[in-house]
Visitor: 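Sharing a structure with you now.
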Amino acid sequence: QVQLVESGGGLVQAGGSLRLSCAASARTSSMYAMGWFRQAPGKDREIVAACNWSCDFTVYGDSVKGRFTISRHNAKNTLYLQMNTLEPEDTAVYLCAARSRVGLSARPYEYDFWGQGTQVTVSS
């Protein structure tokens with residue numbers, strides 16, 4: 001069982017930046033794909049960004065392309081999400097996810113392990 005713990009969320013004004021971190025209890029090198037998803041009240045869980053073991057293959061949600069960057073530091077068993085130029089529409093709970101099977105996916109149901117989430121609120 002892999003435990004994932006997110007941190008770094010908070011309240012920020014529109015145009016600001018935040019950096020989320022996801023600490024894993026197991027070696028992230030054993031997780032082929034890791035990613036960030038988000039869920040706003042009344043909305044489905046959606047992909048923010050995901051990447052493979054070395055993050056040389058990535059997938060981003062259309063609404064965050066060019067503003068958010070995913071990275072991972074396997075030696076530290078940590079996944080990151082740098083979020084710039086934040087918009088009120090980015091307000092949501094952000095969840096870290098991991099899967100051990102080969103394949104990079106944007107579908108939440110294809111991930112095996114999930115964190116509890118961290119709240120990001122962007123004020124206008």
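Side chains are part of it too, since the values below use all heavy atoms of this structure and drop only hydrogens, waters and symmetry mates. Because the structure is predicted, anything quoted here is derived from the model rather than measured. Position 1 is the first residue of the sequence, and the numbers go up from there.
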Visitor: Does atom CD of Q3 have more than 12 heavy-atom neighbours from other groups under 6.0 Å away?
Guide: no

Visitor: Would a hydrophobic clustering, with Ile, Leu, Val, Met, Phe, Trp and Tyr connected at side-chain separations under 4.5 Å, put V12 with Y94?
Guide: yes

Visitor: Heavy-atom count check: over 12 atoms from other residues, nucleotides or ligands less than 6.0 Å from R27 CZ?
Guide: no

Visitor: State, without any angle test, whether R99 and Y111 hold a side-chain donor-acceptor pair at a distance under 3.5 Å.
Guide: no

Visitor: In Å and rounded to the nearest 0.5 Å, what is the CG to CD distance from D112 to E110?
Guide: 9.5 Å

Visitor: When hydrophobic residues are tied together by side-chain contacts of less than 4.5 Å, even through go-betweens, does V59 share a cluster with W114?
Guide: yes

Visitor: How long is the span from the OG atom in S124 to the CD atom in E87, to the nearest 0.5 Å?
Guide: 12.0 Å

Visitor: Would you find more than 12 non-hydrogen atoms of other residues, nucleotides or ligands less than 6.0 Å from Q116 atom CD?
Guide: no

Visitor: Should E6 and L95 count as side-chain neighbours, where that means a heavy-atom distance under 4.5 Å?
Guide: yes

Visitor: Nearest 0.5 Å, what's the OG-CD distance between S63 and E89?
Guide: 9.0 Å

Visitor: Can you tell me if W53 has over 12 outside heavy atoms packed within less than 6.0 Å of its CH2?
Guide: no

Visitor: Please give me the minimum heavy-atom distance between V48 and L81, naming the atom from each residue.
Guide: CG1-CD2, 3.9 Å

Visitor: Answer with yes or no whether the hydrophobic clustering places V120 together with L11; edges join I, L, V, M, F, W, Y residues whose side-chain heavy atoms lie under 4.5 Å apart.
Guide: no

Visitor: State, to 0.1 Å, how close L4 and A24 come at their nearest heavy-atom pair, and which atoms those are.
Guide: CD2-CB, 3.7 Å

Visitor: Looking at D44, I'd like to know if its CG atom is crowded, meaning that more than 12 non-hydrogen atoms belonging to other residues, nucleotides or ligands lie closer than 6.0 Å.
Guide: no

Visitor: Would you name the heavy atoms of R72 and L79 that are closest together and state the gap between them?
Guide: CB-CD1, 3.7 Å

Visitor: Atom CG of L86 and atom CZ of F68: how far apart are they, to the nearest 0.5 Å?
Guide: 5.0 Å

Visitor: What heavy-atom pair brings T58 and C51 nearest, and what distance separates the two atoms?
Guide: CG2-CB, 3.7 Å

Visitor: Just verifying a value: how many Å separate D62 CG and I47 CD1, rounded to the nearest 0.5 Å?
Guide: 11.0 Å

Visitor: CH2 of W36 to OH of Y80: how many Å apart, nearest 0.5 Å?
Guide: 10.5 Å

Visitor: Can you check whether C55's main-chain N or O pairs, donor with acceptor, with N52's side chain at less than 3.5 Å?
Guide: yes

Visitor: Are any of the side-chain heavy atoms of E46 and R38 separated by less than 4.5 Å?
Guide: yes

Visitor: Can F37 be reached from V122 by stepping across I, L, V, M, F, W or Y side chains whose heavy atoms are under 4.5 Å apart?
Guide: no

Visitor: Where do D90 and R67 come nearest, in terms of heavy atoms and distance?
Guide: OD2-NH1, 2.8 Å

Visitor: Shortest non-hydrogen contact from S100 to S30?
Guide: CB-O, 3.9 Å

